[in-house]
2 protein chains.
Amino acid sequence: MARTQGSRSETTRPLIMEAAKRLIARHGFAAVSMRQIAAETGKQVGALYSYIPDKQALLFELMRSHMMDLLQAASQLDLKTDPGTALESFTRFHIDFHLARPEDVFVAYMELRNLEPDNFKAITSLRHEYEDVLRGILIKGTNSGAFQLADVRVSTRAVIAMLTGVTTWYRDHGILDRDEVIAIYWRMVAGSVGYKPA
Amino acid sequence: MARTQGSRSETTRPLIMEAAKRLIARHGFAAVSMRQIAAETGKQVGALYSYIPDKQALLFELMRSHMMDLLQAASQLDLKTDPGTALESFTRFHIDFHLARPEDVFVAYMELRNLEPDNFKAITSLRHEYEDVLRGILIKGTNSGAFQLADVRVSTRAVIAMLTGVTTWYRDHGILDRDEVIAIYWRMVAGSVGYKPA
DNA sequence: GTCTATATGACGATAGAC
DNA sequence: GTCTATCGTCATATAGAC
């Protein structure tokens with residue numbers, strides 16, 4: 001019979017990362033101490049260093065795994081449809097994904113400046129990779145005449161900024177449910193790139 | 001003859017606030033020490049406390065004065081025109097104002113969570129006051145039939161998020177000059193609220 | 001108004017016992 | 001793998017001399 005319980009390290013490490021994420025999202029990386037993270041996981045400070053080399057690596061790993069999840073999920077999008085449908089899929093995907101993990105999003109957007117140079121470059125590169133998904137859609141729609149927009153690069157950033165902004169105000173159990181929010185944003189995104197749904 | 005030089009406090013305090021703003025925008029409030037701010041102004045730590053009661057008050061004052069400047073400037077907008085023209089004025093104003101003071105904007109958006117509860121409420125209230133300027137325009141344009149939008153509150157936040165996003169990528173001496181950027185964003189804003197310029 | 005000196009405590013990270 | 005204890009450093013804020 002196999003072990004009824006895996007090595008402790010397989011469960012403790014995720015626990016530490018979750019606690020760190022929660023605290024950093026709330027108070028900011030610089031304001032959170034290793035002692036707080038330890039207390040939140042029911043351990044003493046020294047124990048953390050069996051799982052993580054230092055505080056900086058902890059932040060980097062949080063942001064890296066969030067970006068990898070995002071890219072992995074985005075790669076499942078079907079973008080072989082017409083550009084309008086692809087843009088609608090992207091809009092729905094971006095809002096759904098970001099609303100489902102508000103703490104990751106907060107950390108990913110607010111703590112870039114606390115990354116050391118090499119880590120900063122790595123995360124920035126993953127962000128560009130994600131932006132390229134949307135840029136590809138906008139380029140295709142511009143070439144086909146489905147979209148009417150003045151500048152693909154600016155539009156890419158503007159649409160992402162608009163969509164990500166939903167995380168700053170949306171709360172579950174509010175007046176609008178998620179599908180209503182997505183419908184409203186989709187109409188705005190479509191208008192902003194000059195797309196007229198059939 | 002009047003004094004050729006005012007009391008030192010009239011020039012030192014702004015110097016301290018400027019240094020603090022610069023450092024906080026770059027490293028984050030929690031990561032900046034009073035020692036760093038003192039060093040940046042050529043003073044010793046103790047001297048700062050002749051001008052500021054504590055570190056929290058310093059942050060609050062930075063954010064408060066930025067928001068007051070924003071509201072004061074926004075109050076000069078001519079909104080008695082037709083809604084389309086008012087929205088274009090607002091778009092131009094928002095981008096111009098925010099691109100002119102990237103450090104204030106960064107601090108105002110990133111350091112909200114480092115405000116103590118009462119200070120947080122005060123700044124949030126000023127932010128709502130500013131959002132109300134745009135919401136007023138959108139309501140007027142919706143009622144007149146000039147705009148076609150699904151939800152005024154969501155549209156207000158979406159437009160502000162889109163416009164504020166320009167500060168994360170725009171750099172002077174880049175490819176696009178400020179007027180080109182404003183023209184691109186205006187076209188997107190107009191489209192997003194269903195406005196068709198004459 | 002600015003300085004030096006200091007009170008008081010928290011920080012990240014490590015060593016070594018179990 | 002987790003603990004306790006500790007190193008060396010830094011933090012905010014204040015006291016008192018000039």
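First the proteins, then the strands, lettered A, B, ... as listed; each starts at 1.
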### Task
Using a strict 4.0 Å threshold on nitrogen-to-oxygen distance, state whether A:R101 and A:D69 make a salt bridge.
no
### Task
Consider the side chain of A:M34, meaning its heavy atoms from C-beta on, and name the nucleotide among C:dG12, C:dT2, D:dT2 that approaches it most closely.
C:dG12
### Message
Test side chain to side chain contact (heavy atoms under 4.5 Å, CB included) on A:V181 and B:D151; report intermediate values, then the result.
### Response
CA-CA 9 Å; A:V181 169; B:D151 187 297; over 6 Å; no
### Task
Could you check how far NZ of B:K55 sits from P of D:dT14, rounded to whole Å?
15 Å
### Query
What is the nucleic acid contact for B:S33, judged by heavy atoms within less than 4.0 Å: base, sugar-phosphate only, or nothing?
sugar-phosphate
### Query
If you check the A:K43 side chain, which of D:dC3, C:dC3, D:dA11 turns out closest?
D:dC3
### Summary
A:D54 has its side chain closest, among C:dA13, D:dA13, C:dT4, to C:dA13
### Task
Please determine if a side-chain N or O atom of B:Y51 lies less than 4.0 Å away from the OP1 or OP2 oxygen of C:dT2.
yes
### Task
Please report, rounded to the nearest Å, how far the C1' atom of C:dA10 is from the CD1 atom of A:I37.
15 Å
### Task
Consider the side chain of A:Q44, meaning its heavy atoms from C-beta on, and name the nucleotide among D:dT6, C:dT4, D:dT4 that approaches it most closely.
D:dT4
### Query
D:dT14, C:dG12, C:dT4: which one has an atom nearest the side-chain heavy atoms of A:Y49?
C:dG12
### Query
Whole Å only: how far is the CZ atom of B:F29 from the P atom of D:dA11?
13 Å
### Query
Is A:R187 close enough and on-axis enough to A:Y185, meaning under 6.0 Å and within 45°, for cation-pi?
no
### Task
Run the salt-bridge test on B:E111 and A:R113 with the 4.0 Å N-O cut-off and return the result as yes or no.
yes
### Task
Would you kindly give the CG-to-P distance between B:L15 and C:dT2, to the nearest whole Å?
10 Å
